[in-house]
Amino acid sequence: MLMFFAIAGIVLLYAVLHLAHEAGQGSRRVALFMCLSLASVWPGVMAFHELRGGYYDALALCLLMLGLVARR
């Protein structure tokens, strides 16, 4: 179960990286700093920190970000 939420956290960070790359007009530096800033605060830590109930937040945030990344 813990591995599932770690994968959800990695997918969350990848989705943020993808969205920041698009929003930053192709700037890899902007995308990197956006991804690092999100990874350092609550949404990025929830998937990797064993806190009661925190894993479900990571899964919900991952699904929200995947909804933003989807084209249709």
Do the side chains of Met65 and Val41 join up, straight or via other hydrophobic residues, at under 4.5 Å, putting them in one cluster?
-> no

Would you call Asp57 and Phe5 a side-chain contact if the rule is heavy atoms closer than 4.5 Å?
-> no

Measure across Pro43 and Leu61 and return the closest heavy-atom pair with its distance rounded to 0.1 Å.
-> CB-CD1, 3.7 Å

Check: Val69 and Tyr14 side chains under 4.5 Å, non-hydrogen atoms = no

When rounded to the nearest 0.5 Å, the distance separating CG of Leu59 from CD1 of Ile7 is 12.0 Å

Closest approach of Ala31 to Ala20 (non-hydrogen atoms, all atoms of both residues) = CA-CB, 3.7 Å

Spell out, yes or no, whether Leu38 and Val30 are grouped together once hydrophobic residues are joined by side-chain heavy atoms under 4.5 Å, including indirect joins.
-> no

Minimal heavy-atom distance between Val16 and Met34, with the atoms involved, is CG1-O, 4.4 Å

Interatomic distance, Leu12 atom CG to Leu17 atom CG [nearest 0.5 angstrom] | 11.0 Å

For the residue pair Leu32 and Arg29, establish whether any side-chain heavy-atom pair is separated by less than 4.5 Å.
-> no

Looking only at heavy atoms, what is the nearest atom pair of Cys62 and Ala8, with distance?
-> SG-O, 3.4 Å

